[in-house]
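Here's the structure, in structure tokens; my notes come after.
All values derive from a computational prediction rather than experimental measurement. This chain uses plain numbering: 1 for the first residue, then up along the sequence.
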Amino acid sequence: MRPLILCVVAAALAGAGCRPAPPEAPTELDDLIHFFFEEFPGDEDANVLAGGDNLGAWFDAADEVVDGWATGQVSELSQAEVDALPMMTWDPDPSLAVGVYILVDLPCTLAQTVDIYLEPDQLSLFPDSYSAYERSYDSDYECFPDGGCDQVDWTVAIEDSIAGLTMTYEMETSLRRRVDPEDDSRELVMARNVMPAAADENIAAAGFEQSYHIEVYAPRGEDRTLHLY
């Protein structure tokens, strides 16, 4: 489990010349998590923003939320959801992966969460989380905070040592801003992290083979952000 940021996821119809109707944002949390994961690469920003509104409504009404937190288990990813990931270099069985979520109301602005998420030196911010962490950006990440670009991609090389087990692996990450096409004051930020290949480990009997994250950062008023992880 990685630390939370404290202040700190439609093709044209053949021969028809039209596009299918975009998926409607669900209202239940488990459905929303899968919705965000599948819609991360999509272009229906209004629907994703509606999903953010539904996420906030669920958080405000759910009995699962205690002291500003909710945690629980997520239903497994489908084979189709994993097959749609372009960065995968092998064919994992997603039914073997166990999903969990954390949903928390952060006492900070969306801009603050973005600044921390974009910081290249995550090892300095979270020194107890990794043995080694090296991030390589695919483009200039400094364009993102001021709106000069709406997506930034990077690769992270990570080494972890847990209870004598050392493992190295890479994560492919994208950070993306979604803006309401009819009201640019409404926005949220999504992040997707995928481990494209199984980790290398020093104990053959152990296995860290799959890791998929979807995150949503949805503003709540002027100085708070709802974070789904």
If every non-hydrogen atom of [X] is compared with every non-hydrogen atom of [Y], which pair is closest and at what distance?
X	Y	answer
Ala132	Leu123	CA-CD2, 4.5 Å
Pro127	Ser124	CD-O, 3.6 Å
Arg135	Trp154	NE-NE1, 3.2 Å
Thr113	Leu110	OG1-O, 2.7 Å
Ala25	Ala50	CB-C, 4.0 Å
Val82	Met88	O-CG, 4.1 Å

Review point. Can you list the residues that meet the salt bridge (charged side-chain N to carboxylate O under 4.0 Å, His left out) rule with Asp60, with sequence neighbours excluded?
Key: Arg220
Revision key, fill the gap. Those residues at least two apart in sequence (or on a different chain) that pass salt bridge (charged side-chain N to carboxylate O under 4.0 Å, His left out) with Asp150 are Arg177
Which distance, rounded to the nearest 0.5 Å, do you find between the [atom1] of [X] and the [atom2] of [Y]?
X	Y	atom1	atom2	answer
Met167	Phe208	CE	CZ	6.0 Å
Glu215	Thr173	CD	OG1	8.5 Å
Asp223	Cys108	CG	SG	9.0 Å
Leu55	Leu49	CG	CG	12.0 Å
Leu226	Leu188	CG	CG	10.0 Å
Asp43	Asp45	CG	CG	7.5 Å

Practice item. Verify side-chain contact (heavy atoms from CB on, under 4.5 Å) between Phe144 and Arg176, making sure each step is shown before the conclusion. Key: CA-CA 9 Å; Phe144 192 92; Arg176 186 173 183 189; 5.6 Å; no
Check your understanding: Do Val179 and Leu118 share a hydrophobic cluster (ILVMFWY, side-chain heavy atoms under 4.5 Å, transitive)?
Key -> no
Exercise for review: Examine Val66 and Phe59 and state if one hydrophobic cluster contains both, with Ile, Leu, Val, Met, Phe, Trp and Tyr joined whenever side-chain heavy atoms are less than 4.5 Å apart.
Suggested key: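 No.
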Check your understanding: Can you name the side-chain contact (heavy atoms from CB on, under 4.5 Å) partners of Glu134, sequence neighbours left out?
Key ->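 For Glu134, no residue satisfies side-chain contact (heavy atoms from CB on, under 4.5 Å) once neighbours in sequence are set aside.
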Review point. Does Cys143 have any side-chain contact (heavy atoms from CB on, under 4.5 Å) partners at least two apart in sequence or in another chain, and if so, which?
Key: Cys149
My understanding is that only residues two or more places apart in sequence, or in another chain, count here; which of them pass side chain to side chain donor-acceptor pair (under 3.5 Å) with [X]?
X	result
Asp180	Arg186
Ser211	His213
Asp146	none

Review point. What pairs with Tyr141 under ring pair (Phe, Tyr, Trp, His ring centres under 6.0 Å), at least two apart in sequence or on another chain?
Key: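 In terms of ring pair (Phe, Tyr, Trp, His ring centres under 6.0 Å), with neighbours along the sequence ignored, Tyr141 is linked to Tyr137.
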Check your understanding: Considering residues at least two apart in sequence or located in another chain, which fulfil the ring pair (Phe, Tyr, Trp, His ring centres under 6.0 Å) criterion with Tyr212?
Key ->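 Ring pair (Phe, Tyr, Trp, His ring centres under 6.0 Å) check on Tyr212 returns nothing, list empty.
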When you compare the side chain of [Y] with that of [X], does any pair of heavy atoms fall below 4.5 Å?
X	Y	answer
Val114	Val189	yes
Met195	Glu170	no
Asn54	Leu32	yes
Asp200	Tyr169	no
Trp58	Glu28	yes
Tyr217	Tyr117	yes
Arg178	Glu187	no
Phe40	Val48	no

Exercise for review: Keeping to residues at least two apart or across chains, list the disulfide bond (SG atoms under 2.5 Å apart) pairs with something in residues 27-57.
Suggested key: none
Practice item. Output every pair passing salt bridge (charged side-chain N to carboxylate O under 4.0 Å, His left out) with a member in residues 106-128, not counting sequence neighbours, ordered by first then second residue. Key: none
Exercise for review: Answer with yes or no whether the side chains of Glu172 and Thr155 bring together a donor and an acceptor at under 3.5 Å.
Suggested key: yes
Review point. Without hydrogens or angle criteria, can the side chains of Ser131 and Asp160 be said to hold a donor-acceptor pair below 3.5 Å?
Key: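 No, no side-chain donor-acceptor contact under 3.5 Å.
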Do [X] side-chain atoms and [Y] backbone N/O form a donor-acceptor pair below 3.5 Å?
X	Y	answer
Asn193	Met171	no
Thr225	Ala218	no
His34	Ser75	yes
Gln112	Thr109	yes

Practice item. Could you check Val216 against His227 for side-chain contact (heavy atoms from CB on, under 4.5 Å), going step by step and ending with a plain yes or no? Key: CA-CA 6 Å; Val216 175; His227 179 200; over 6 Å; no
Exercise for review: Check the pair Val152 / Ser174 against side-chain contact (heavy atoms from CB on, under 4.5 Å), numbers first and verdict last.
Suggested key: CA-CA 6 Å; Val152 181; Ser174 295; over 6 Å; no
Kindly list each side-chain donor-acceptor pair under 3.5 angstrom involving residues 92-106, sequence neighbours excluded, with atom names and distances?
residue: Asp93; atom: OD1; partner: Ser95; partner atom: N; Å: 3.0
residue: Asp93; atom: OD1; partner: Ser95; partner atom: OG; Å: 2.7
residue: Asp93; atom: OD2; partner: Ser95; partner atom: OG; Å: 3.1
residue: Tyr101; atom: OH; partner: Thr71; partner atom: O; Å: 3.4
residue: Asp105; atom: OD1; partner: Arg224; partner atom: NE; Å: 3.2
residue: Asp105; atom: OD2; partner: Arg224; partner atom: NE; Å: 3.2

Check your understanding: Where do Leu85 and Arg192 land on the side-chain contact (heavy atoms from CB on, under 4.5 Å) test, with the steps shown first?
Key -> CA-CA 11 Å; Leu85 297 170; Arg192 187 177 68 181; 3.6 Å; yes
